Visitor: 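Below you'll find the structure I mean.
Proteins get letters first, then strands, A, B, ... in listed order; numbering begins at 1 in each. A quick note: this is a predicted structure, and the numbers were derived from the prediction, not measured.
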Amino acid sequence: MFIRLREEAEDVLREALSSLSLPTTDLGIEEPPENVPAVLASSVAFRLAGERGAPPPQVASEVASEIDLAESDYLEEVSTQGPYLNFMPSEAYYADTLEAAGERGYGRLPAQDESVVIEHTSANPTGPVHVGRARNPIVGDAISRTLDLAGYDVARHYYVNDAGRQIALFTWAYETFAESDLPAPERDRADYDLVRYYRKGNSFLETANDEAREEAEAEIEALMQGLEAGETEAYERVSRVVDRVLGGMQTSLNRLPATFEEFVKETRFMRDGSTEAIVARLEDSSYAEREEGAWQLDLAEWDIEKPFVFLRSDGTSLYTTRDLAHHEWKFANFDRAITVLGEDQKLHASQLEAALEILSNDPDRLTSTFYSWVNLPEGGMSTREGTGVDLDDLLDEATARAREEVEDRLDSRIRDDDLDESDLSRIARQVGIGAVRYDIVAKQPTKAITFEWDRALDFEAQSAPYVQYVHARACGILAEAGRLEGSERDPFAALESMPGTGEDGRAESSVDTEAIDALDTSEERALLETIARFPAVVETAAENLTPHTIATYTREVAEAFNAFYRECPVLDAPEELKESRLALVAAARHTVANALWCLGVAAPESM
RNA sequence: GGGCGUGUGGCCUAGCGGAUAAGGCGAGAGGUUCCUAACCUCUCGAUCCCGGGUUCAAAUCCCGGCACGCCCGCCA
């Protein structure tokens with residue numbers, strides 16, 4: 001609704017300015033501050049004051065009186081407040097918002113007819129996923145969902161490093177060391193089991209004498225040569241380690257949940273010959289040069305000082321070389337590619353982009369988006385060194401603390417809905433994991449996060465449970481009125497449905513969306529205005545790849561709902577008003593549920 | 001040393017050219033015979049890192065500092 005309202009405001013303003021022979025290049029459309037009783041405003045008058053030779057407030061009223069709202073459906077009135085033009089919406093705006101948000105799939109934008117592959121996480125399969133890495137799946141999954149809701153055809157890929165030096169080292173260590181030399185695994189799972197060999201291998205190479213180290217290096221080197229040559233035996237040796245560790249890591253990621261359409265292995269681009277072909281094409285390019293036996297690209301034209309080595313002097317390819325083949329493959333199969341990367345990858349990403357351009361690809365089809373680290377107060381996290389908090393531990397702790405909260409609240413609970421054991425587990429999981437995800441996705445990815453248990457697991461205030469609670473309250477009211485729809489009727493079939501939201505199917509609500517007139521309190525209007533903005537919020541978040549703005553929005557809806565909840569009784573209202581308010585509650589519920597869905601946070605029907 | 005990013009009340013965070021800088025945590029005071037108090041209301045608290053500049057208008061843009069993070073490998 002808001003998107004169309006904004007378009008109408010732009011149209012009428014542009015026409016008014018044209019008829020006054022004023023420039024229409026910058027309309028100055030903006031959202032006014034809270035205390036201004038308008039949904040949209042313009043500050044054009046400031047810019048035109050010089051040209052008109054009149055003070056801004058006077059220009060504003062001249063423009064305002066030139067504006068014609070006769071053709072406009074959603075604009076009711078234009079007024080001025082000093083230099084500002086303020087736009088008020090019509091009854092139709094509120095009525096159509098109530099109707100649109102009455103749909104379970106409210107917020108979904110028209111299909112874009114554009115396929116997008118989003119690569120995220122892609123952590124090296126060397127050991128359990130730790131919290132330092134957790135920002136990648138959480139942000140990546142939220143971006144995927146947001147793009148899906150915004151109408152794109154989304155595929156999520158995890159790019160598996162099964163060809164690098166670290167992996168060869170890992171495989172060698174796994175084949176070399178005996179279990180009896182290792183500490184007990186932290187969990188009975190493949191990633192926790194095997195990471196011990198990885199750590200052992202690394203520490204061995206750091207401390208071994210020259211002779212032993214050279215011997216080990218030779219074995220690792222031989223394995224890498226085997227992979228480069230596409231030998232099946234080398235591939236199978238590596239796969240034995242990689243597949244098992246990756247399987248364990250997936251178990252962690254699935255808890256978030258972060259799932260993928262495809263796990264794309266690096267070796268695929270060695271075995272099919274495409275990496276070799278890339279090397280040949282790059283060698284032919286005018287940017288290529290040979291330096292001590294290795295091949296590199298001079299990227300000075302792209303303001304990149306460091307030459308980009310794409311072939312080692314021993315003839316093996318590098319990660320980035322294979323990634324070039326990988327990206328050409330993405331371009332062949334999708335319209336656009338998005339990659340979510342840690343900030344340490346920035347240089348690599350710009351080199352990749354330049355090299356893709358040298359290979360005659362359109363670099364605009366690739367967008368890389370970066371996030372900063374999640375660090376511990378005492379420093380960074382590392383799989384190799386075994387420092388850091390495992391994602392599993394964080395999720396376990398989050399769920400346990402959430403469970404305590406639910407149990408503590410059981411006694412003082414007013415609502416008589418008899419939560420049983422399975423409800424307790426469900427709520428603990430939804431709230432605990434939701435809180436972790438929300439805490440991470442709500443922040444601008446450019447800002448570094450210092451991980452602190454108490455802050456990450458605060459269930460009050462600006463947190464997932466605050467928003468989830470609003471959803472549960474709305475569901476409580478709807479259930480009481482017999483209007484709770486079945487959640488399994490998931491409109492978002494493209495990506496998997498949220499865990500734990502499936503309840504028994506109930507009849508679709510039949511709310512009276514025409515009784516908008518009954519909703520005349522400021523709280524009801526403010527809630528509708530907030531709900532109306534949701535599609536615009538999705539659009540902007542998808543365009544800019546900024547899911548944190550959706551988190552900010554969920555808080556705004558939640559606050560507006562709580563104000564409404566406080567001032568406007570629903571079930572005890574007179575019949576006609578009750579119907580209208582039930583429609584509003586359903587609209588708010590869909591908005592909150594779908595916004596949370598974008599973030600990958602569960603929307604509980606009770607808690 | 002060079003490059004990229006970040007600096008907002010004691011702490012965390014939103015805002016990133018326009019109307020008195022918006023919330024949370026914290027501290028203090030209230031609110032439940034009434035749809036879930038994981039809630040709400042009120043009070044306290046900010047030279048938006050520092051110094052210049054551009055603009056009618058700067059937390060927001062530009063330049064110069066300072067602090068912190070990340071990168072600068074024939075690693076990924």
Visitor: In terms of the nearest nucleotide of RNA chain B, which residue is placed more toward the 5' end: E567(A) or D458(A)?
Guide: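 Going by which nucleotide is closer to the 5' end, it is D458(A).
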Visitor: Between the base of C70(B) and the side chain of S372(A), is one N or O donor paired with an acceptor at under 3.5 angstrom?
Guide: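 Checked by distance alone, the answer is no.
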Visitor: So, is K447(A) near the phosphate of A14(B), with a side-chain N or O under 4.0 Å from OP1 or OP2?
Guide: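 Checking K447(A) against A14(B): at least one side-chain N or O falls below 4.0 Å of OP1 or OP2.
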Visitor: Between A57(B) and A21(B), how far is it from one C1' atom to the other, in whole Å?
Guide: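 Going atom to atom, C1' in each nucleotide, I get 15 Å.
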Visitor: Could you check which of A14(B), C35(B), C56(B) has an atom nearest any side-chain atom of H548(A)?
Guide: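 Closest nucleotide among those given: A14(B).
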Visitor: Please state whether the rings of F310(A) and W295(A) are parallel, tilted or perpendicular, taking 30° and 60° as the class boundaries.
Guide: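 Answer is tilted, since the angle falls between 30° and 60°.
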Visitor: Please measure how far the C1' atom in G7(B) lies from the corresponding atom in U54(B), and state the result in whole Å.
Guide: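 My reading of the C1' atoms in G7(B) and U54(B) gives 22 Å.
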Visitor: Give a yes-or-no answer on whether the side chains of T450(A) and N375(A) include a donor-acceptor pair shorter than 3.5 Å.
Guide: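 No donor-acceptor contact under 3.5 Å links the two side chains.
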Visitor: From NE2 of H471(A) over to C1' of C39(B), roughly how many Å is that when rounded to an integer?
Guide: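 Interatomic distance, NE2 of H471(A) to C1' of C39(B): 17 Å.
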Visitor: Could you give the distance separating G9(B) and A46(B) at their P atoms, to the nearest angstrom?
Guide: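 Pairwise P distance, A46(B) against G9(B), rounds to 10 Å.
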Visitor: Can you find a donor-acceptor pair, distance only, under 3.5 Å between D408(A) side chain and A38(B) base?
Guide: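 Side chain to base: no pair below 3.5 Å.
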Visitor: Regarding S606(A), tell me which of base, sugar-phosphate or nothing describes its non-hydrogen contacts under 4.0 Å with the strands shown.
Guide: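 The residue S606(A) makes base contact.
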Visitor: For a quick check of understanding: with a heavy-atom distance under 4.0 Å over all strands, which category does V309(A) fall into, base, sugar-phosphate or nothing?
Guide: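 Sugar-phosphate, backbone atoms only, no base.
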Visitor: Under 3.5 Å for both donor-acceptor distances, Watson-Crick or wobble: does A38(B) have a partner, and if so which one?
Guide: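 By the stated definition (distances under 3.5 Å), nothing pairs with A38(B).
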Visitor: Do any side-chain nitrogens or oxygens of R165(A) fall under 4.0 Å of OP1 or OP2 in C75(B)?
Guide: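 So the side-chain polar atoms of R165(A) never come under 4.0 Å of the phosphate oxygens OP1 or OP2 of C75(B).
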Visitor: Tell me whether F46(A) and G18(B) count as stacked here, given that the ring centres must be under 5.5 Å apart and the planes must differ by less than 30 degrees.
Guide: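 Yes, F46(A) stacks on the base of G18(B).
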Visitor: Base, sugar-phosphate or nothing for R581(A)? Non-hydrogen atoms, less than 4.0 Å.
Guide: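 Counting heavy atoms under 4.0 Å across all strands, no contact is made by R581(A).
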Visitor: Establish whether the base of G23(B) is bridged to the side chain of Q462(A) by a donor-acceptor pair shorter than 3.5 Å.
Guide: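 Such a pair exists between side chain and base.
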Visitor: May I ask you to say what E480(A) touches in the nucleic acid, namely base, sugar-phosphate or nothing, with a heavy-atom cut-off under 4.0 Å?
Guide: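 E480(A): no heavy atom of the nucleic acid under 4.0 Å.
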Visitor: Could you tell me how far apart E30(A) (CD) and U60(B) (C1') are, to the nearest whole angstrom?
Guide: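 The answer, rounded to whole Å, is 13 Å.
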Visitor: How would you label the contact of Q468(A) with the nucleic acid (heavy atoms, under 4.0 Å): base, sugar-phosphate, or nothing?
Guide: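 The answer is nothing, as Q468(A) stays clear of every strand by at least 4.0 Å.
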Visitor: Give the rounded distance in Å between these two atoms: CH2 of W302(A) and P of C72(B).
Guide: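 Those two atoms, CH2 and P, are 21 Å apart.
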Visitor: Expressed in whole Å, how much space separates the C1' atoms belonging to U8(B) and G15(B)?
Guide: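 My reading of the C1' atoms in U8(B) and G15(B) gives 10 Å.
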Visitor: In whole Å, measure the gap between the P atoms of U41(B) and A22(B) for me.
Guide: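 Result for the P pair: 15 Å, nearest Å.
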Visitor: Would you call the rings of Y159(A) and H326(A) parallel, tilted or perpendicular, taking 30° and 60° as the class edges?
Guide: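 Geometry flag for H326(A) against Y159(A): parallel rings.
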Visitor: Return no unless some side-chain N or O of Y466(A) is found under 4.0 Å from OP1 or OP2 of C40(B).
Guide: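 For Y466(A), the contact criterion (side-chain N or O under 4.0 Å from OP1 or OP2 of C40(B)) is met.
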Visitor: Using a 4.0 Å heavy-atom cut-off across all strands, classify V585(A) as base, sugar-phosphate, or nothing.
Guide: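 V585(A): no heavy atom of the nucleic acid under 4.0 Å.
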Visitor: Mind checking whether S79(A) and M88(A) have side chains closer than 4.5 Å, heavy atoms only?
Guide: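 They are in contact (side-chain heavy atoms under 4.5 Å apart), so the answer is yes.
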Visitor: Under 4.0 Å between a side-chain N/O of Q444(A) and OP1 or OP2 of G15(B), yes or no?
Guide: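 For G15(B), OP1 or OP2 has a side-chain N or O of Q444(A) closer than 4.0 Å.
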Visitor: Rounded to whole Å, how long is the line connecting atom NZ of K306(A) with atom C1' of C4(B)?
Guide: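 Atom-to-atom, K306(A) to C4(B), this comes out as 15 Å.
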Visitor: Measure from CG on D454(A) to P on G26(B) and round the result to the nearest Å.
Guide: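 So the CG-P distance, D454(A) to G26(B), works out to 11 Å.
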Visitor: Say we look at G69(B) and C74(B): how far apart would their P atoms be, to the nearest angstrom?
Guide: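 Here G69(B) and C74(B) have their P atoms 25 Å from each other.
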Visitor: Say we look at U6(B) and A14(B): how far apart would their C1' atoms be, to the nearest angstrom?
Guide: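 One C1' to the other, the span is 15 Å.
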Visitor: Determine whether any donor atom in the side chain of R566(A) lies under 3.5 Å from an acceptor atom in the base of G31(B), or the reverse, and answer yes or no.
Guide: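 By the distance-only test, no, there is no pair.
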Visitor: Counting the atoms with a prime plus P, OP1 and OP2 as sugar-phosphate, which does C475(A) contact under 4.0 Å by heavy atoms, base, sugar-phosphate, or nothing?
Guide: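 Nothing: the residue C475(A), judged by heavy atoms under 4.0 Å, touches no strand.
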Visitor: How many whole angstroms separate atom CZ of F564(A) from atom C1' of C34(B)?
Guide: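 Whole-Å distance recorded here is 15 Å.
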Visitor: Rounded to the nearest angstrom, tell me the gap between atom OH in Y371(A) and atom C1' in C70(B).
Guide: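 Nearest whole value for this atom pair: 12 Å.
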Visitor: With nearest nucleotides of RNA chain B determined for A41(A) and P307(A) from heavy-atom distances, which residue corresponds to the more 5′ nucleotide?
Guide: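 Checking each residue's closest nucleotide, the 5'-ward one belongs to A41(A).
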Visitor: Can you check the I220(A) CD1 to A76(B) C1' distance for me, whole Å?
Guide: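 Taking CD1 of I220(A) and C1' of A76(B), I get 15 Å after rounding.
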Visitor: When the ring centroid of H157(A) is compared with that of F263(A), is the distance short of 6.0 Å?
Guide: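 No, the ring of H157(A) stays outside the 6.0 Å limit from the ring of F263(A), centre to centre.
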